[in-house]
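All of these numbers come straight from a predicted model, not from anything done at the bench. Numbers restart at 1 for each chain; the letters A, B, ... are given by sequence-line order, proteins then strands.
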Amino acid sequence: MKKITLIDGNSILFRAYYATAYPGAKLMQSSNGTYTNAVFAFVGMFEKMVTSETTDVLVAFDTKEPTKRHIAYEGYKAGRTKMPEELGQQIPLVNQYIDLNGVVAYSKAGYEADDIIGTLAKQASAKGYSVDIYSSDKDLLQLVDEQITVHLLKKGMREVHDFTPEKLIETYELTHNQMIDLKALMGDASDNIPGIPGVGEKTAIKLLKEYETLENILEHQDDIKGKLGERIREHRDSAIMSKELVTIQLDCDIEYDVDSIAKKDIKTEDLIHFYQDLDLHVFVKKMEMPVKQEESKWNHIELKSVSELEDILNQDLSLHFEFSDYNYHKAELWGIGLSNGNNNYVISADVALSSIGFDMYLKDEKYQKYVYDLKAIKVFLLWNKLDIKGVSFDLLLAAYLINSHLGKEEFKRIVSNFYYEDIQYDDNIYGKGSKKALPEKDIYFHHIASKAKAIYALKDELIKNLKDDEQLDLLKNIELPLSEVLAEMEFEGLRVDKEELSKQKEGLNTRINQLEKEIIHLAGREFNVSSPKQLGEILFEDLDLPNGKKTKTGYSTNVDVLNKLQGKHPIIEKILEYRQLSKLYSTYIIGLEQNLFEDDKVHTIYMQALTTTGRLSSLDPNLQNIPIRTEEGRQIRKIFIPKENHLFLGADYSQIELRVLASMANVKKLIEAFNNHEDIHTKTAKEIFHQDEVDSEQRRAAKAVNFGIIYGIGAWSLSEDIHVSPKEAQRFIDDYLNLYPEIKTYMEDIVTYAKENDYVKTIMNRRRYIPELKSSVYTQRSFGERTALNAPIQGSAADILKKAMIDLYRYLKKENKKSKILLQVHDELILDVVQEELEEMKEIVPKMMRKAVSLKVELETSCDVGKTWYDLK
DNA sequence: CTCATCACG
DNA sequence: ACGTACGTGATGAGA
């Protein structure tokens with residue numbers, strides 16, 4: 001017997017949306033800002049309704065056009081809240097999804113989804129087919145018959161109630177025909193159907209059990225006593241009209257019939273791209289699981305001996321080093337893939353590292369090498385006393401320059417962005433989390449070789465792409481050389497004074513324990529001081545302090561809130577101190593200990609392809625957020641020391657971002673002030689306040705505006721920052737932009753440019769795409785506009801320091817200096833300097849930084865020397 | 001695994 | 001009426 005499936009698309013879609021859109025939750029989005037929560041949930045539901053067994057299926061949708069119900073009754077569905085914009089955007093995507101599955105999505109003006117389903121269901125039932133209807137709308141229960149089952153979705157797909165005629169009687173004590181009359185009597189608030197006021201489900205069922213039909217009830221209306229009888233007599237017309245409205249139409253004039261809705265083949269490739277575009281990667285993985293067994297059409301060649309390896313080392317190759325862990329300082333090398341575009345090889349770490357020929361090959365600049373993540377390879381080789389030269393292409397860096405959002409992605413996703421699909425997800429090969437392990441050798445060797453193959457295959461295309469975008473210099477002259485600089489910095493590491501570390505650990509530990517006792521005492525009961533939830537209950541319930549409920553999970557207890565409560569209760573200052581100290585203890589003392597290597601150093605990893613602006617980031621440990629703003633925190637810096645008898649030298653740019661802005665926007669007054677070495681915040685304050693002398697508050701306000709401008713300021717946030725009314729804040733901004741009119745022009749121009757081109761760029765042609773600018777959601781679009789302002793400034797500053805690092809590194813190498821660059825913190829460099837080079841370094845380091853690029857303003861640097869990091873002030 | 005919090009430029 | 005500054009990483013709590 002033929003079996004057909006009919007799906008109430010609208011109802012399911014709403015369920016899908018609201019299942020994942022509860023108030024306060026952030027809706028799921030793709031990386032470019034498209035909302036995907038409804039698509040995501042819809043896919044999950046669809047996969048359960050439409051399986052490989054399904055042969056005939058149609059998904060019905062409503063249209064925006066009025067139906068005859070609207071015409072018959074102008075109040076029909078009146079007062080419904082409009083569909084949220086975030087959901088509306090996803091409707092075309094869901095339609096596309098259904099189509100890619102080979103399934104008909106159908107709607108027709110003048111009909112509702114119910115009517116289309118009803119018509120097809122009854123047609124099928126008459127032909128003896130069996131029918132499954134999926135919806136979350138009870139109205140459809142009137143369609144149930146011996147052939148037709150209605151599956152009502154409750155919560156998501158977790159609970160489904162299957163209604164057959166028997167089930168209907170069991171649940172409502174009514175037949176399917178009576179379901180119409182039930183609704184006619186009850187009415188339906190959500191569709192604005194009146195029914196008979198005062199008659200709810202209970203009364204309606206009672207009436208129907210006695211009289212069977214609405215018509216019969218009305219015929220016997222005079223027999224019904226009391227208030228109920230009165231109501232029925234008074235609202236009989238309303239009941240009749242309601243019945244018309246809730247009756248599903250079974251004779252729609254539609255283009256499909258039950259024999260023309262056969263499911264077609266799934267468009268697998270397109271569906272994968274659909275998922276990828278929306279960042280719905282779980283579904284991609286799911287689809288590719290079975291494909292995994294299907295071998296690629298090429299075989300990898302394992303080079304089993306040193307001589308087999310050395311035989312191929314007479315050519316340019318792509319090389320891929322596969323590590324067991326993202327932290328390559330301590331990772332194991334699982335193998336190396338090599339490819340020349342024709343053959344794809346793989347070797348074990350043992351064979352590779354014991355080959356002198358391989359060592360020679362790596363160092364030989366004559367052979368070009370193409371890699372993925374040069375810095376990782378370089379650091380690994382340094383730990384193994386090896387080196388690599390002649391690398392002319394790095395897939396990771398190239399992809400990152402083409403689109404900075406790609407840097408965060410894994411190998412598979414990067415290459416599939418360039419439509420290269422012959423690659424598996426790492427998770428599918430190795431498993432993930434604690435389950436990560438090596439599978440059979442053939443499987444993972446193939447995987448490693450496939451990466452080398454991909455690098456070789458994509459190299460020319462990506463280089464051409466970079467050339468077209470005028471970014472090849474950025475790769476060749478900045479990012480690739482920088483990889484080498486960073487690799488040496490990471491490998492060199494930062495020395496830790498273990499005595500100082502344990503001294504501070506002890507001190508903090510004692511104080512934290514003491515504070516904890518005092519806090520518990522003041523609170524009057526035991527609780528976990530580190531739990532914001534429990535702390536909120538103590539403060540705002542037990543102690544009844546004035547509060548603002550802020551976060552979606554409960555009370556906010558962050559430092560702003562606590563500061564406002566200062567003085568209201570002695571517990572507050574204790575908590576503030578506890579917070580500060582436990583931050584220092586767990587993040588900087590314990591965190592540091594955990595990252596300490598046997599050489600008593602920490603070896604951070606600079607992520608070179610991660611940020612969307614071009615900055616670096618640092619992890620394991622993060623050395624770019626070591627405390628400095630409070631004296632307490634700053635003490636942590638005493639833990640970091642140079643080599644024996646050496647010194648630290650720190651040099652930083654002063655106001656590099658404002659200078660970049662002044663130069664890019666050609667702001668005359670700013671350029672003049674900078675070139676006259678004036679204090680820029682004081683200068684700005686004087687101009688805004690029209691005074692020759694300004695106080696520190698006024699300078700602070702001017703500084704806040706200067707900063708705010710860089711971030712794409714709003715009056716509201718500025719007012720919060722400098723504690724004035726939003727109105728006053730707006731006046732500051734207006735005055736500021738009048739004072740520096742070029743900034744205003746720049747802000748307008750850059751946003752226009754971004755909207756036209758979809759990206760903004762830095763002085764070195766680093767790009768950031770801003771898809772949010774196209775969003776119809778206000779907050780998204782505003783974010784895009786601020787990004788358009790900020791990214792070129794932050795990114796250009798990053799470019800400049802990168803260039804300075806390369807210049808300095810080359811100088812140190814060429815002149816055979818012992819001093820070494822150790823750290824980079826966005827606008828500053830820290831070097832380990834040997835005494836005899838100190839005077840020269842104090843001269844050369846700031847100079848190289850100042851001369852890294854030539855702007856319309858001079859760059860200024862300051863420079864300090866000290867015995868610990870703390871002493872650099 | 002997500003959230004709230006807080007450290008940096 | 002809306003929602004409220006750019007870029008990061010690490011931690012403990014709690015689901």
Side-chain angles (χ1 to χ4, degrees), chain A residues 24-26 85 404 408 432-433 527-536 550-562 575-576 578-592 594-595 604-607 610-630 632-634 636-637 652-657 661 704-722 726 729-730 733 768 770 777-795 797-798 801 823-828:
Chain A
K26 195 172 170 343
E85 169 64 30
S404 57
K408 293 184 177 70
K432 70 181 204 178
F527 75 107
N528 185 344
V529 187
S530 301
S531 159
K533 184 168 173 276
Q534 296 179 35
L535 180 62
K550 262 186 34 188
T551 68
K552 59 186 157 197
T553 44
Y555 304 107
S556 171
T557 65
N558 70 22
V559 70
D560 287 338
V561 173
L562 294 180
I575 291 167
L576 282 164
Y578 176 91
R579 280 264 173 90
Q580 196 200 358
L581 299 186
S582 36
K583 177 79 177 182
L584 297 176
Y585 183 78
S586 49
T587 305
Y588 297 104
I589 301 289
I590 301 301
L592 208 61
Q594 285 167 350
N595 284 297
T604 190
I605 293 176
Y606 288 106
M607 298 302 285
L610 183 141
T611 73
T612 45
T613 53
R615 276 190 173 184
L616 303 175
S617 84
S618 155
L619 48 84
D620 286 2
N622 181 355
L623 293 176
Q624 291 181 319
N625 72 348
I626 304 299
I628 191 168
R629 291 174 192 173
T630 65
E632 273 307 352
R634 193 172 190 157
I636 296 286
R637 297 187 168 216
D652 63 285
Y653 286 113
S654 79
Q655 273 120 30
I656 187 167
E657 292 191 345
L661 172 63
V705 184
N706 273 331
F707 268 103
I709 289 293
I710 292 170
Y711 300 143
I713 199 166
W716 192 89
S717 336
L718 180 64
S719 74
E720 285 282 292
D721 191 16
I722 58 176
Q730 187 57 54
I733 296 172
R768 168 158 181 179
I770 313 177
V777 180
Y778 170 81
T779 46
Q780 287 290 317
R781 215 170 42 248
S782 306
F783 169 75
E785 287 165 6
R786 294 194 295 272
T787 305
L789 288 172
N790 175 263
I793 300 172
Q794 192 182 111
L801 184 52
L823 298 172
Q824 191 256 37
V825 194
H826 309 308
D827 65 352
E828 67 174 318

Checklist entry - Taking the nucleotide of DNA chain C with the closest heavy atom to each, which residue, A:V705 or A:N528, is nearer the 5' end? => result A:V705

Item to check | Of the listed nucleotides C:dT11, C:dA15, C:dG7, the one nearest the side chain of A:K533 | outcome: C:dA15

Checklist entry - Taking only side-chain nitrogens and oxygens of A:Q580, does any of them come within less than 4.0 Å of OP1 or OP2 of B:dA7? => result no

Checklist outcome for this item: Which of B:dC8, B:dG9, C:dT4 is nearest the side chain of A:N625? It is B:dC8

Checklist entry - Does the pair A:Q655 and A:N706 meet the rule for a side-chain contact (heavy atoms from CB on, under 4.5 Å), with working shown? => result CA-CA 10 Å; A:Q655 273 120 30; A:N706 273 331; over 6 Å; no

Next on the checklist: What's the closest nucleotide to the side chain of A:L718 if the choices are B:dA7, C:dA5, C:dG7?
Outcome noted: C:dA5

Item to check | Nearest listed nucleotide, side chain of A:S531, among C:dA13, B:dC6, B:dC8 | outcome: C:dA13

Item to check | Options C:dC6, B:dA7, B:dT5, nucleotide nearest the side-chain atoms of A:F783 | outcome: C:dC6

Item to check | Side-chain N or O of A:R768 closer than 4.0 Å to phosphate OP1/OP2 of C:dC6 | outcome: no

Item to check | Under-4.0 Å side-chain N/O to phosphate OP1/OP2 contact, A:K583 with B:dA4 | outcome: no

Checklist entry - Below 4.0 angstrom from OP1 or OP2 of C:dG7, is there any side-chain N or O of A:S617? => result no

Next on the checklist: Taking CZ in A:F527 as the centre, count heavy atoms belonging to other residues, nucleotides or ligands within less than 6.0 Å. Is the count above 12?
Outcome noted: yes

Checklist entry - So, does the side chain of A:R786 form a donor-acceptor pair with the base of C:dG7 at under 3.5 Å? => result no

Next on the checklist: With a 4.0 Å cutoff (strictly under), does any side-chain N or O of A:R579 reach OP1 or OP2 of B:dT5?
Outcome noted: no

Item to check | Under-3.5 Å donor-acceptor pair between A:Y711 side chain and C:dG7 base | outcome: no

Next on the checklist: Stem list for DNA chain C, please, built from Watson-Crick and G-U wobble pairs under 3.5 Å and keeping only runs of at least 3.
Outcome noted: B:1-9 with C:6-14

Checklist entry - Taking the side chain of A:P532 as its heavy atoms from C-beta onward, which of B:dA4, B:dC6, C:dC6 lies nearest to it? => result B:dA4

Next on the checklist: Between A:T612 and A:K408, is the side-chain contact (heavy atoms from CB on, under 4.5 Å) condition met? List the steps.
Outcome noted: CA-CA 9 Å; A:T612 45; A:K408 293 184 177 70; 3.8 Å; yes

Checklist entry - Taking the side chain of A:Q594 as its heavy atoms from C-beta onward, which of C:dG7, B:dG9, C:dT11 lies nearest to it? => result C:dT11

Item to check | A:L535 vs A:R579, side-chain contact (heavy atoms from CB on, under 4.5 Å): CA-CA, chis, key distance, verdict | outcome: CA-CA 12 Å; A:L535 180 62; A:R579 280 264 173 90; 3.4 Å; yes

Checklist entry - Within the structure, does a side-chain N or O atom of A:T587 lie under 4.0 Å from either OP1 or OP2 of C:dG9? => result no

